[in-house]
Amino acid sequence: MDGATRGNLRLNPSVLIGRESLLGSVVDAVRSERLVVLTGVGGVGKTRLATGVAEAVADEFPEGVWIVELEHVVDGSAVPDALATILGIAPQGERSLTATVADVIAARRLLLVLDNCEHVIEAAAGLVRAVLERPGPVKILATSRASLGLAGEREIRVPPLALGGGASSPAVILFAQRAREVRPNFALEEGLATAPAVVEICRVLDGLPLGIELAAARMAGMGAIDV
């Protein structure tokens with residue numbers, strides 16, 4: 001792993017909406033703990049929050065922020081391979097890849113982001129445990145629908161976006177912003193038919209950012225009442 005590479009974090013141009021306070025709390029947790037796990041239902045925005053946190057603290061990790069997306073890792077036994085591939089870690093003789101990866105990662109001043117751990121949670125937890133058993137400066141931020149269940153883990157629950165406040169709620173603001181990306185003249189004003197329709201869309205979607213963004217994307221060819 002080349003420390004000069006400074007990781008594989010790609011800056012997200014979209015604004016993180018309705019998460020200002022939570023973002024600050026997670027940033028503080030990452031700075032003070034070795035392992036932070038963001039939990040919540042699917043589509044609640046754990047990945048987007050994790051990347052926002054990574055962006056906020058990236059300059060504090062001389063050897064970079066490394067994101068390992070586990071979504072497409074179908075077998076838990078492949079989790080160490082996924083990390084080794086991303087981080088450029090080569091196997092060492094007869095030694096287990098988990099031990100090799102843990103030795104290398106633990107000694108590095110980097111932030112490791114393990115995204116979407118839930119379907120390989122036992123394997124992810126095992127590898128993280130191996131890393132944390134070794135002293136070192138590494139920090140780990142994971143996203144999962146459930147806790148990894150490890151000692152010393154700081155779990156932070158990610159809730160849906162707030163719906164209170166009608167057209168001024170974070171959920172509706174997110175919808176309006178994403179709608180303008182596909183339909184620049186989209187307007188959301190109280191008193192117009194569009195505002196109550198968007199509020200209802202966000203309510204039906206339970207304030208889940210993924211559903212809201214998918215619904216907003218459909219505004220390119222229809223009105224809010226049609227979504």
Side-chain angles (χ1 to χ4, degrees), residues 1 5-73 79 82-83 85-87 101 105-106 108-121 123-129 131-132 137-150 152-162 170-171 174 177-178 207-214:
M1 179 175 58
T5 305
R6 290 185 57 80
N8 63 348
L9 175 66
R10 297 183 299 274
L11 297 183
N12 194 318
S14 66
V15 176
L16 190 58
I17 294 172
R19 301 298 196 192
E20 294 80 8
S21 177
L22 185 57
L23 176 67
S25 296
V26 180
V27 166
D28 289 344
V30 168
R31 287 172 173 157
S32 62
E33 310 288 345
R34 291 191 76 192
L35 171 62
V36 178
V37 182
L38 304 180
T39 61
V41 300
V44 80
K46 301 182 294 296
T47 297
R48 180 64 185 91
L49 177 60
T51 57
V53 171
E55 291 171 10
V57 301
D59 289 343
E60 301 172 27
F61 294 91
E63 293 181 83
V65 175
W66 295 87
I67 298 179
V68 181
E69 299 172 351
L70 298 176
E71 181 180 5
H72 301 297
V73 176
V79 169
L83 269 71
T85 298
I86 292 293
L87 293 161
V101 168
I105 293 175
R108 302 290 184 173
R109 295 178 62 191
L110 59 83
L111 174 63
L112 178 66
V113 181
L114 298 179
D115 192 30
N116 292 307
C117 295
E118 54 273 348
H119 62 296
V120 287
I121 195 163
L127 194 147
V128 171
R129 182 186 298 109
V131 173
L132 297 183
V138 67
K139 303 273 190 170
I140 300 175
L141 175 62
T143 74
S144 177
R145 296 187 186 184
S147 163
L148 298 186
L150 298 177
E153 171 183 332
R154 172 74 179 277
E155 179 185 0
I156 298 178
R157 190 79 177 170
V158 181
L161 288 175
L174 175 64
Q177 183 174 92
R178 297 296 183 264
L208 296 177
L210 178 59
I212 291 171
E213 292 190 348
L214 291 175

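Considering Val68, Val79, Leu132 as possible partners of Leu127, the one that fulfils the side-chain contact (heavy atoms from CB on, under 4.5 Å) test is Val79.
Across every non-hydrogen atom of Leu70 and Cys117, the tightest pair is CD1-SG, 3.9 Å. Of all non-hydrogen atoms in Ile121 and Ser144, the two that sit nearest each other are CD1-OG, 3.7 Å. Closest of all the heavy-atom pairs between Ile86 and Ile67 is CG2-O, 4.0 Å. The heavy-atom pair separating Arg154 from Ala29 by the smallest distance is NH1-CB, 3.7 Å. Contact detail for Leu83 and Leu112: the closest heavy-atom pair is CD2-CD2, 3.8 Å. A pairwise comparison of heavy atoms in Glu153 and Ser147 identifies OE2-OG, 2.7 Å as the closest pair.
Looking at Arg48, its side chain does come within 3.5 Å of a backbone N or O of Ser14 through a donor-acceptor pair. Judged by distance alone, with hydrogens and angles left aside, the side-chain atoms of Lys139 form a donor-acceptor pair with the main-chain N or O of Val30 at under 3.5 Å. With hydrogens and angles ignored, the 3.5 Å screen pairs a side-chain donor or acceptor of Glu55 with a backbone N or O of Asn12. Panel note: side chain Lys46, backbone Val41; a donor-acceptor pair is recorded below 3.5 Å.
Sorted by first then second residue, the side chain to side chain donor-acceptor pair (under 3.5 Å) pairs that include residues 111-120, not counting sequence neighbours, are Thr47-Asp115, Asp115-Thr143.
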Next item on the list: Begin with the C-alpha distance, continue with both residues' side-chain angles, and end with the deciding distance and a verdict on side-chain contact (heavy atoms from CB on, under 4.5 Å) for Val138 and Arg108.
Entry: CA-CA 6 Å; Val138 67; Arg108 302 290 184 173; 5.6 Å; no
Check: Is there a side-chain contact (heavy atoms from CB on, under 4.5 Å) between Val37 and Thr39 once you walk through the steps?
Finding: CA-CA 6 Å; Val37 182; Thr39 61; 3.8 Å; yes
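With values rounded to the nearest 0.5 angstrom, Ile17 atom CD1 is found 5.0 Å from Arg178 atom CZ. To the nearest 0.5 angstrom, Arg157 atom CZ is 11.0 Å from Leu38 atom CG. The CG atom of Leu111 sits 9.0 Å away from atom CG of Leu9, with the distance rounded to the nearest 0.5 Å. Here the CD1-CG distance, from Ile156 to Leu141, works out to 8.5 Å after rounding to the nearest 0.5 Å. Atom CZ of residue Arg34 and atom CG of residue Leu150 lie 12.0 Å apart, to the nearest 0.5 angstrom.
Under the side-chain contact (heavy atoms from CB on, under 4.5 Å) criterion, Glu60 pairs with Arg31, Val57, not counting sequence neighbours.
Between Glu63 and Pro137 the shortest side-chain heavy-atom distance does not fall below 4.5 Å.
The environment of Glu69 atom CD is sparse: at most 12 non-hydrogen atoms of other residues, nucleotides or ligands sit within 6.0 angstrom. Annotation for Arg10: atom CZ does not count as buried by contact number, only 12 or fewer foreign heavy atoms lying within 6.0 Å.
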